Number of protein chains: 4
Amino acid sequence: MKILALLGSTRQNGNSQYLTERILEGTDHTIVSLSDKQINPIIDKRHSEGGFSPVDDDYEELLHLLLTHDTLIFTTPLYWYGMTGPMKNFFDRWSQYLRDENLNLKEELTKKQAYVVVTGGSSAKVKGLPLIQQFNYIFEFVNMEFVDYIIGSGVKPGEVKEDIMALEKAEQWRRNFESLQR
Amino acid sequence: MKILALLGSTRQNGNSQYLTERILEGTDHTIVSLSDKQINPIIDKRHSEGGFSPVDDDYEELLHLLLTHDTLIFTTPLYWYGMTGPMKNFFDRWSQYLRDENLNLKEELTKKQAYVVVTGGSSAKVKGLPLIQQFNYIFEFVNMEFVDYIIGSGVKPGEVKEDIMALEKAEQWRRNFESLQR
Amino acid sequence: MKILALLGSTRQNGNSQYLTERILEGTDHTIVSLSDKQINPIIDKRHSEGGFSPVDDDYEELLHLLLTHDTLIFTTPLYWYGMTGPMKNFFDRWSQYLRDENLNLKEELTKKQAYVVVTGGSSAKVKGLPLIQQFNYIFEFVNMEFVDYIIGSGVKPGEVKEDIMALEKAEQWRRNFESLQR
Amino acid sequence: MKILALLGSTRQNGNSQYLTERILEGTDHTIVSLSDKQINPIIDKRHSEGGFSPVDDDYEELLHLLLTHDTLIFTTPLYWYGMTGPMKNFFDRWSQYLRDENLNLKEELTKKQAYVVVTGGSSAKVKGLPLIQQFNYIFEFVNMEFVDYIIGSGVKPGEVKEDIMALEKAEQWRRNFESLQR
């Protein structure tokens with residue numbers, strides 16, 4: 001069992017990253033901050049002759065990570081009631097590579113398990129729900145199991161450390177991951 | 001009454017653009033394809049000393065358009081059950097400029113009226129609803145009136161031309177805009 | 001093609017009924033006001049020995065209508081952001097009869113097509129969306145096609161007559177039904 | 001601080017009741033099973049001359065409980081992706097009594113704090129979200145604080161006892177209530 005956490009935040013050491021690090025403590029894992037990578041927006045060529053063009057950015061490195069891990073944690077602060085722009089570009093580009101016959105992305109994704117970590121203000125428990133629904137549709141589309149999600153409360157640096165329930169759930173996930181990796 | 005349509009698609013002449021052009025026919029308006037502009041992802045410095053840094057991209061041009069129009073049409077195809085990455089980056093950056101005291105963005109946004117155009121497959125009428133809810137939260141946050149939305153059916157080029165109800169609603173908006181501009 | 005419209009309202013001649021009558025004009029159809037019927041709340045005995053008990057109310061008459069029509073229109077005003085209590089009791093009771101081996105309800109439902117009509121205040125276009133999502137989950141569960149929905153604006157008697165788009169959509173459905181019944 | 005728990009289930013000793021009893025253990029509280037009460041559906045007379053008519057059922061007893069408690073727990077199993085019919089009828093009737101000048105319901109509701117407990121199958125964490133959104137709109141409408149919610153996993157009797165996180169959250173609420181009542 002190999003865990004990959006993708007961080008959507010554009011801030012270092014924010015609340016969503018903190019929760020994710022609690023979840024991963026003591027586990028074997030890979031953690032990547034999407035904003036450290038160059039991820040170009042998709043250029044939709046689904047209906048163009050010739051199809052998609054190769055893109056010169058860091059996406060193939062991310063694809064490789066996707067393909068070589070089976071447990072995926074998608075972590076994002078709530079930006080304007082959605083995932084962050086860099087994470088959105090990450091998903092948008094799936095449309096390109098799901099069609100790439102050299103990869104086996106479509107089939108591989110069906111074998112993975114998805115976890116979602118969202119942090120935001122105190123209203124995020126309700127106003128983050130459309131994002132959870134969106135993640136659910138995304139995972140349904142690629143036939144990936146959506147195991148669970150955490151919506152943590154935290155805007156200012158460190159604030160999520162006071163969200164006892166989010167920390168408990170993080171710890172529950174952590175213990176589960178740890179036991180699965182033993 | 002000045003109309004600004006922002007297109008989120010990364011494809012030229014797609015279904016969402018077609019619907020938007022029907023809405024705008026015969027009106028005074030500005031139409032901008034966000035993917036023609038360089039819009040960097042936000043770098044969240046809300047909690048950094050010194051705050052946000054100036055960004056060298058096309059965003060100030062878009063801000064100027066925002067500030068000088070009062071009717072805003074946000075048009076996006078449904079990409080992975082959300083707005084497109086470029087449009088998401090567009091909204092994310094609001095967090096930077098709402099804090100900019102030289103602009104008057106926060107107050108100006110409250111005076112505007114928002115319309116949303118979404119296109120997607122036949123399931124978009126249901127699976128696009130989290131996106132409508134997200135737009136609603138965005139507009140609520142900046143205290144902008146969310147007048148109405150269209151969810152059109154169309155994936156392949158031209159397909160939306162067969163969505164009679166979407167076209168009727170587009171025509172209804174068009175007539176309304178036309179009469180308000182007379 | 002046989003159309004059954006179930007009205008959830010507890011008011012005669014309200015806006016949701018008006019829209020439904022526009023949809024049905026000139027078609028062969030059955031229209032039933034659920035509040036004219038005695039529909040007891042379910043008594044959940046899924047996990048009781050002996051299972052469900054027969055209920056002495058009007059539900060079997062409604063079941064018979066369900067089974068003998070193939071196009072179902074569920075019409076409800078938005079009461080507290082949901083369907084009305086009588087309509088909710090109607091659905092809750094499905095849990096009893098889906099288990100009834102003398103009926104063939106489960107299989108029959110999969111052959112039907114569902115339409116939804118909701119009316120409410122001007123905010124219903126957004127605040128009625130959780131109800132649309134709920135209907136979608138209901139229809140998915142019983143594997144019934146969810147063809148389309150209308151969210152009309154109208155609270156005071158007659159108000160929906162000014163919701164041009166709702167009326168146009170009603171008329172579009174009507175023409176479609178009429179042509180299918182020819 | 002006086003706690004009132006309203007149970008929507010039509011089954012005795014089900015999962016939602018179990019969770020609620022854990023939350024209330026050791027606290028002063030009132031717990032009422034709505035299905036033990038006669039709650040007639042509303043008859044909408046908002047637009048009728050003379051307005052609403054008195055209703056001969058148990059609702060006034062429930063109103064009295066509402067008015068004399070300040071912390072409200074709304075507990076419901078997920079029935080067809082919504083609250084149960086009896087609970088829906090309970091809310092629908094608010095429309096009648098919010099207009100009753102002899103009561104002070106409208107103003108009193110604004111002083112209360114709402115908690116929601118939902119139980120359902122493993123999909124309830126996602127498919128129960130429209131219900132959470134509906135509760136949120138209800139509480140917003142009456143200007144009542146929506147403090148928090150639990151979505152527990154449990155269909156068969158006793159199943160929720162294995163939902164560790166739901167139990168932990170129940171215990172967290174319990175400790176909070178206990179300390180507030182000291």
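Order of the sequence lines sets the chain letters (A, B, ...), proteins ahead of strands, with each chain counted from 1. Note that the structure is a prediction, hence the values are computed from the model and not measured.
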Residue by residue, which of residues 96-110 of chain B have a heavy atom closer than 4.5 Å to a heavy atom belonging to chain A? B/L98
Measure distances from B/S9 to the heavy atoms of chain A and classify the residue's part below 4.5 Å as side chain, backbone, both or neither. neither
Looking only at B/I43, B/L129, B/N136, B/I39, most heavy-atom pairs under 4.5 Å shared with chain A are made by B/I43
Check whether B/R93 gets within reach of chain A through its side chain, its backbone, both or neither, counting any heavy atom under 4.5 Å. neither
With rounding to the nearest 0.5 Å, note down the distance linking CD in A/E140 to NZ in B/K127. 5.0 Å
Quick one: what part of B/P41 sits under 4.5 Å from any heavy atom of chain A, side chain, backbone, both or neither? side chain
Closest-packed option against chain B by number of heavy-atom pairs under 4.5 Å, given A/D44, A/I132, A/L131: A/D44
Measuring heavy-atom distances to chain B, does A/V126 have an atom under 4.5 Å in its side chain, in its backbone, in both, or in neither? both
For A/D92 and B/G85, which heavy atoms make the closest approach, and how far apart are they? OD2-N, 2.8 Å
Need one label for A/S48: side chain, backbone, both or neither, based on atoms under 4.5 Å from any heavy atom in chain B. neither
Chain B-proximal positions within residues 49-80 of chain A [heavy-atom distance under 4.5 Å]: A/Y79, A/W80
Do B/R11 and A/K45 come within less than 4.5 Å of each other through their side chains, counting heavy atoms only? no
Is B/Q133 close to A/Q133 at the side-chain level, that is, under 4.5 Å between some pair of heavy atoms? yes
With the side chain counted from C-beta on, respond yes when B/I42 and A/T84 share a heavy-atom pair under 4.5 Å apart, and no when they do not. no
Does a side-chain heavy-atom distance below 4.5 Å link B/K88 with A/N89? no
Among B/Y137, B/F91, B/F135, find the residue that satisfies the ring pair (Phe, Tyr, Trp, His ring centres under 6.0 Å) test when tested with A/Y81. B/Y137
Which heavy-atom pair separates A/V155 from B/R46 by the least distance, and what is that distance? CG1-NH1, 4.1 Å
Side chain, backbone, both or neither of B/M87 within contact of chain A (heavy atoms, under 4.5 Å): neither
